[in-house]
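One structure is given below, encoded as structure tokens.
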Amino acid sequence: MLLMKDIVRDGHPVLRKKAAEVTIPPLKEDVEILEDMLTFIKNSQDEEIAEKYHLRSGVGLAAPQIGISKQLLVVHFEYDDQLYSYQLMNPKIISHSVQKAFLGGGEGCLSVDEVIEGYVPRNAKITVRAFDINGNPVKIRLKGYPAIVMQHEIDHLNGIMFYDHINKENPFHIPENAKIIE
Ligand code: K2U
Ligand code: NI
């Protein structure tokens, strides 16, 4: 099982690389990577397991965060009584809103141990094309918090960290017409 020791920390070059697309239909090893990543996120949300193995709670994970520079990501969380659980290969944002959105509490990252304050402006709505764990094409439309999480993970596949988006002059600058998500 994946543990925090397997999570690559900020400063490692793999977090700044554009990850390679994976072959479709998927290799067995890529399917196994996605399964291990989803298990880690589920474990991190289980109080007993997280305490026993000192896991930091997460809602998503991208393969570069475990040192694998491949376009693989998982997200798994409940929001507004709906489960959002995806294991994706080669995800691409194919369209997005002009409107921006950001988490009122800022963002964190399993690969960043320190707190970095500031608003992280992202697209309020996105449409993602990807392949699921069986190699089937999927089209996913997200808005609000689920869209924020998905963009955080897709950023990891492009070597982008959440703090790259924070306004350096005024970390709490609110873009025009932006939606605050509490
Ligand atoms: O990619 C990661 O490091 C996982 C992040 C994803 C994330 C952070 C902030 C905003 C959107 C996505 C972890 O989930 S950070 C810890 C966390 C846990 C619960 C809720 C929000 C953030
Ligand atoms: Ni992250």
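The analysis underlying the following values was restricted to heavy atoms, covering all of them including side chains, and did not include hydrogens, waters or symmetry mates. One-based numbering, in listed order, for ligands and for the atoms of each.
- Residue contact check: Glu153 has heavy atoms under 4.0 Å from atoms 1 (O), 2 (C), 4 (C), 6 (C) of ligand 1.
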Please list every donor-acceptor pair under 3.5 Å in which a side-chain atom of residues 1-15 meets a protein atom from a residue at least two apart or in another chain.
residue	atom	partner	partner atom	Å
Asp6	OD2	Leu3	N	2.7
Arg9	NE	Asp113	OD1	2.9
Arg9	NE	Asp113	OD2	3.2
Arg9	NH1	Met4	O	3.1
Arg9	NH1	Ile7	O	2.7
Asp10	OD1	Tyr163	OH	3.0
Asp10	OD2	Tyr163	OH	2.6
His12	ND1	Val14	N	3.0

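- No N or O atom of Ile148 sits closer than 3.5 Å to an N or O atom of ligand 1.
- For atom 14 (O) of ligand 1, the nearest non-hydrogen atom from the set Val112, Val59, Asp155 belongs to Val59.
- Using modelled atom types, one finds a donor on one side chain and an acceptor on the other under 3.5 Å when comparing Asn123 with His96.
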**Message:** Does Glu32 form a salt bridge (Lys or Arg N to Asp or Glu O under 4.0 Å) with Lys28? I'd like the steps, not just the answer.
**Reply:** CA-CA 6 Å; Glu32 287 170 357; Lys28 186 169 176 292; 2.5 Å; yes
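- Inside a 4.0 Å radius of atom 7 (C) of ligand 1 there is at least one protein heavy atom.
- The shortest contact between atom 3 (O) of ligand 1 and any protein heavy atom is with Leu110 N, 2.8 Å.
- The aromatic rings of Tyr145 and Tyr79 sit parallel, their planes meeting at an angle under 30°, below the 60° perpendicular limit.
- Note on ring orientation: taking the six-membered ring where Trp is involved, the planes of Phe162 and His152 are parallel (angle under 30°, cut-offs 30° and 60°).
- Using a 4.5 Å cut-off between side-chain heavy atoms of Ile, Leu, Val, Met, Phe, Trp and Tyr, with links allowed through other members, Leu34 and Leu88 fall into different hydrophobic clusters.
- By the 4.0 Å heavy-atom criterion, Tyr145 is counted among the residues contacting ligand 1.
- Less than 4.0 angstrom separates some heavy atom of Gly60 from each of these atoms of ligand 1: 1 (O), 2 (C), 4 (C), 14 (O).
- In this comparison of Ser111, Ala62, Ser57, the heavy atom closest to atom 17 (C) of ligand 1 sits on Ser57.
- For ligand 1, the polar-atom distance check against Gly108 finds no nitrogen or oxygen pair separated by under 3.5 Å.
- For ligand 1, the atoms sitting less than 4.0 Å from at least one non-hydrogen atom of Leu103 are 10 (C), numbered in the order shown with element in parentheses.
- In this structure, the side chain of Arg16 engages the main chain of Gly159 through a donor-acceptor pair within 3.5 Å.
- Considering backbone and side-chain atoms together, Gln65 places an N or O closer than 3.5 Å to an N or O of ligand 1.
- No side-chain N or O of His76 forms a donor-acceptor pair with one of Gln45 less than 3.5 Å apart.
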